[in-house]
Amino acid sequence: MYFFLSNLSFVDICFTSTIIPKMLQNIQTHSRAISYEGCLTQLYFFTLFTVLDDFILAVMAYDRFVAICHPLHYMVIMNPRLCGLLVLVSWVISHLHSLLQSLMVLRLSFCTDLEIPHFSCELIQMVQLACSNTLLNNLVMYIAAVMLGGGPLAGILYSYSKIVSSIWKISSAQGRLKAFSTCASHLSVVSLFYGTILGVYLGSVGTHDSHSISLPSVLYTVVTPMLNPFIYSLRNKDILGALKRLLHRNAPKGLVVHD
């Protein structure tokens, strides 16, 4: 679990680093311009880390499935070789997909004075603003969305259907609560990740208002990756103990902080 969590944290750091530095530069210089090469570079890494985040969450769901449904065989099934292989395959597929989408954008032609109605160079925005035929781009983009987006989501839903089924078979309420608590953090992160993405894209269907697209997008590009470490950290007893000691020490007189 911690091996996958470290990879998720690394991907989240890289994901936000693709967007935030350019945003800060725009705010400081009061200029929203970006070069064509810089836009393609941002598009490549944005696509890469979005898909990779999706795959890592699916792999973590499988890890929780094995831990709860096959606890006696957990160390045998989730051995270091398999864990490393799952992460490696996720990286390779994400790189290949991102490279394919970037090459597909390179074949497009764009008009002069191009203005992207977004705070980053996102794939769907670039394709929509192209002056050439985008039929092939749209076809590849939607097929990839179904396979690389729907596939991991289906795996997560299947894993949690088995997890819920196994938890309900536990006789004691304390045992069910303990089993559910092992995947509560991951379930929270998955809900936050998919909830914000689906909310942004489903809510922006049929609208051309840039604010209705770009402002909610901050949730899954900036806010969600920043919240993930806090969600998992609060599951750690050592961090919780340190937080409680800090609250006890800084609490004003007359205020009691309960554990």
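Just the heavy atoms: all of them, side chains too, but no hydrogens, waters or symmetry mates, feed the values below.
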*Between Phe15 and Phe45, does a ring pair (Phe, Tyr, Trp, His ring centres under 6.0 Å) hold up when you go through it step by step?*
CA-CA 8 Å; Phe15 185 52; Phe45 286 105; over 10 Å; no
*Full working for side-chain contact (heavy atoms from CB on, under 4.5 Å) between Phe49 and Thr16*: CA-CA 9 Å; Phe49 293 120; Thr16 53; over 6 Å; no
_Full working for side-chain contact (heavy atoms from CB on, under 4.5 Å) between His73 and Val66_ = CA-CA 8 Å; His73 299 90; Val66 176; over 6 Å; no
*Between Met78 and Cys83, does a side-chain contact (heavy atoms from CB on, under 4.5 Å) hold up when you go through it step by step?*
CA-CA 6 Å; Met78 301 304 296; Cys83 294; 4.0 Å; yes
*Carefully, step by step, assess Leu148 and Phe55 under the rule side-chain contact (heavy atoms from CB on, under 4.5 Å).*
CA-CA 8 Å; Leu148 303 181; Phe55 272 102; 3.8 Å; yes
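Between the side chain of Ser166 and the main chain of Ile68, no donor-acceptor pair closer than 3.5 Å is present. Side chain of Ser98 to backbone of His95: no donor-acceptor contact under 3.5 angstrom is found. For the pair Asp53 (side chain) and Thr50 (backbone), a donor-acceptor distance under 3.5 Å is absent. Checked by atom type and distance alone, the side chain of Asn137 pairs as donor or acceptor with a backbone atom of Met104 at under 3.5 Å. Here the side chain of Asp63 pairs no donor or acceptor atom with the backbone of Ala61 at under 3.5 angstrom. The closest donor-acceptor contact from the side chain of Ser161 to the backbone of Tyr158 lies under 3.5 Å. Remark: the backbone N or O of Thr18 is paired with a side-chain donor or acceptor of Gln42 at under 3.5 angstrom.
Residues Leu136 and Arg107 have side chains in contact (heavy-atom distance under 4.5 Å, counting atoms from C-beta outward). Proximity of Leu40 to Ser102: side-chain heavy atoms (C-beta onward) are nowhere separated by under 4.5 Å.
Expressed to the nearest 0.5 Å, how far CE of Met60 lies from CG of Asn7 amounts to 9.5 Å. Atom OH of Tyr62 is separated from atom SG of Cys69 by 10.5 Å, given to the nearest 0.5 angstrom.
Classified by interplanar angle (parallel below 30°, tilted 30° to 60°, perpendicular above 60°), the ring pair Trp91/Phe10 is tilted.
The two residues Tyr36 and Val105 have their closest heavy-atom pair at OH-O, 4.3 Å.
Taking the ring-ring contact (aromatic ring centres under 6.0 Å, His included) definition, one finds that Phe65 meets it with His70, sequence neighbours left out.
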